[in-house]
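In each ligand, atom 1 is the first atom listed, and ligand 1 is the first ligand listed.
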Amino acid sequence: MQMHLHRQSVPQDVEENLIAGGDDPSLFPFPEGWYFVADRRSLAKGELIEKQWMGQDIVVWRDDEGAVCVARSLCPHLGSSLSPAAGGRVRDGRLVCPFHGFTYDATGACVATPYAPPPKGTRLSVFPTREILGLVFAWWGIDGRPPQWDLPEEPPAGDEWSELEVETLRFPGHPQETTENSVDLAHLRYVHGYDNVNPVGSATVDGARLVSCFDFRRRTRIAGVIDLVFDVSAATYVHGLGYSFVDIHEHTVGMETRLWVLTTPVDGTLVDLVLVSQVRMLRKPRRFIAGLGFLPVKARTGIMNRFLLSIQKQDVLQDVVIWGKKSYRPHPSLCGSDGPIGRYRRYCRQFYPHGDDGGRS
Ligand code: FES
Ligand SMILES: [Fe+2]
């Protein structure tokens with residue numbers, strides 16, 4: 001459930017606890033930011049998707065020109081749900097309400113009714129959207145305010161890169177906790193079994209962007225017999241708590257991978273964590289992995305992508321076990337090798353009600 005905090009009426013230490021969880025080990029559920037809502041590839045023409053995010057029902061569709069609309073599933077006329085389950089549908093690229101047939105375009109404007117001119121200024125409540133390689137994101141602003149910062153530019157793709165593989169996991173969680181994983185270097189060894197985990201430089205924060213880089217070695221067993229060793233350099237770009245992008249270079253094979261970790265709050269308890277992975281075409285690998293060298297470049301790159309995504313998914317499932325039982329510690333007892341968790345926590349404050357972090361640390 002969303003709560004509103006008022007700076008004037010709450011002492012700073014109490015307020016800080018509320019924002020960051022405090023003794024009540026629950027974080028404010030919906031940090032401001034860009035959140036994944038849909039993959040354009042699953043948005044067929046005429047299709048209407050309904051989902052829950054931030055404790056609200058939303059609908060997603062695209063018009064005939066391809067513009068995507070993400071809107072609250074609530075008709076401003078007399079309050080009908082617009083969901084497919086209630087009878088909402090897309091006709092000629094426009095959303096038609098099941099109750100009296102008011103019709104909305106992809107900007108949210110009411111453009112027609114069946115029996116009278118549309119009431120002036122009638123609009124759906126829409127969320128600003130951004131698209132990166134067909135992944136559709138929508139902005140969730142504190143008290144509905146417009147975007148305060150943008151997602152990064154779309155990376156180049158084309159024939160040099162595999163298709164995107166997408167995997168969604170739903171579990172009780174919070175986007176601050178899932179994103180903290182990327183700067184919690186110590187857990188990489190103890191939960192995931194990585195070796196030689198070493199930060200590269202220190203994490204940097206620039207507004208809504210946090211960058212952290214680290215190297216590690218990872219052993220993976222295939223089919224219970226073949227041990228694979230990967231030497232990896234990873235650069236993590238966090239853009240708010242719903243969007244993390246990891247640029248991964250594996251040195252023994254010479255493989256380049258992109259991984260997106262996209263956490264969207266569903267209802268204040270559950271999150272959808274969406275993993276998206278993409279591998280650069282492996283034309284001249286430094287070594288071949290388990291017979292893949294016999295396959296054409298495109299086929300083996302696709303197989304590698306699915307394989308790597310399955311490893312990432314295993315990692316997340318290991319984290320889910322921990323997340324499901326842990327409490328949020330607003331003032332953790334950090335040691336010198338924990339990675340930049342303190343810096344990350346200060347970075348996070350900008351995404352909660354009150355805007356600036358006011359220098360609290
Ligand atoms: S409630 Fe949607 S058209 Fe009346
Ligand atoms: Fe992890």
Side-chain angles (χ1 to χ4, degrees), residues 48 50 57-59 61 69 71-91 94-105 108-126 167 169 171 173-195 197 199 212 214-220 230 232 234 236 238 241 244-246 248 259-263 271 273-275 277 308-326 337-341 344:
L48 180 63
E50 184 199 22
D57 293 329
I58 56 173
V59 284
W61 84 97
C69 184
R72 272 195 79 184
S73 178
L74 179 71
C75 180
H77 178 220
L78 282 166
S80 174
S81 163
L82 298 164
S83 73
R89 64 194 186 283
V90 176
R91 197 174 55 211
R94 292 167 167 183
L95 177 61
V96 183
C97 176
F99 202 0
H100 313 89
F102 280 33
T103 300
Y104 300 92
D105 71 12
C110 183
V111 290
T113 82
Y115 42 79
K120 225 174 165 192
T122 299
R123 304 185 63 80
L124 297 176
S125 171
V126 296
E167 180 86 44
L169 298 163
F171 52 85
H174 189 282
Q176 181 174 321
E177 295 275 46
T178 55
T179 306
E180 188 166 286
N181 233 247
S182 66
V183 294
D184 176 357
L185 299 188
H187 99 287
L188 296 175
R189 178 176 178 83
Y190 290 98
V191 176
H192 306 307
Y194 297 4
D195 292 325
V197 180
S212 101
F214 55 95
D215 291 342
F216 62 91
R217 170 168 291 176
R218 160 162 213 166
R219 288 168 213 278
T220 301
F230 295 115
V232 179
T236 303
V238 178
L241 306 184
S244 292
F245 172 73
V246 194
I248 301 167
L259 175 72
W260 287 262
V261 185
L262 311 169
T263 305
V271 294
L273 186 146
V274 178
L275 293 170
S277 143
L308 293 169
L309 187 63
S310 74
I311 295 179
Q312 300 295 350
K313 182 181 168 186
Q314 284 168 26
D315 276 5
V316 173
L317 291 175
Q318 290 173 328
D319 290 320
V320 167
V321 174
I322 302 284
W323 292 329
K325 300 279 182 203
K326 82 185 283 295
S337 302
D338 274 325
I341 291 177
Y344 169 74

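Within the 4.5 Å cutoff, the side chain of N181 has heavy atoms near those of the H192 side chain. Between T113 and P119, some side-chain heavy-atom pair lies under the 4.5 Å cut-off.
R218 meets the salt bridge (charged side-chain N to carboxylate O under 4.0 Å, His left out) test with D315; sequence neighbours excluded.
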Does the pair V232 and Y194 meet the rule for a side-chain contact (heavy atoms from CB on, under 4.5 Å), with working shown? CA-CA 10 Å; V232 179; Y194 297 4; over 6 Å; no

I would like to know whether E177 and K326 meet side-chain contact (heavy atoms from CB on, under 4.5 Å); could you show each step before the answer? CA-CA 10 Å; E177 295 275 46; K326 82 185 283 295; 2.9 Å; yes

Could you pull out every donor-acceptor pair under 3.5 Å between side chains of residues 77-90 and any protein atom, sequence neighbours left out?
unit_1, atom_1, unit_2, atom_2, d
H77, ND1, H100, ND1, 3.1
S81, OG, S73, OG, 3.4
S81, OG, S83, N, 3.1
S81, OG, S83, OG, 3.1
S83, OG, A85, N, 3.4
S83, OG, A86, N, 3.1

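Just one residue in the list T178, L317, D319 forms a side-chain contact (heavy atoms from CB on, under 4.5 Å) with F171, and that residue is T178.
Protein N/O/S atoms closer to atom 4 (Fe) of ligand 1 than 2.8 Å number 2 in this structure. For the Fe ion (ligand 2), the count of nearby protein N, O or S atoms, meaning those under 2.8 Å away, is 5.
Without hydrogens or angle criteria, S244 side chain to T179 main chain gives no donor-acceptor distance under 3.5 Å.
Salt-bridge annotation for R189 and D195: present, with a side-chain N of the basic residue lying under 4.0 Å from a carboxylate O of the acidic one.
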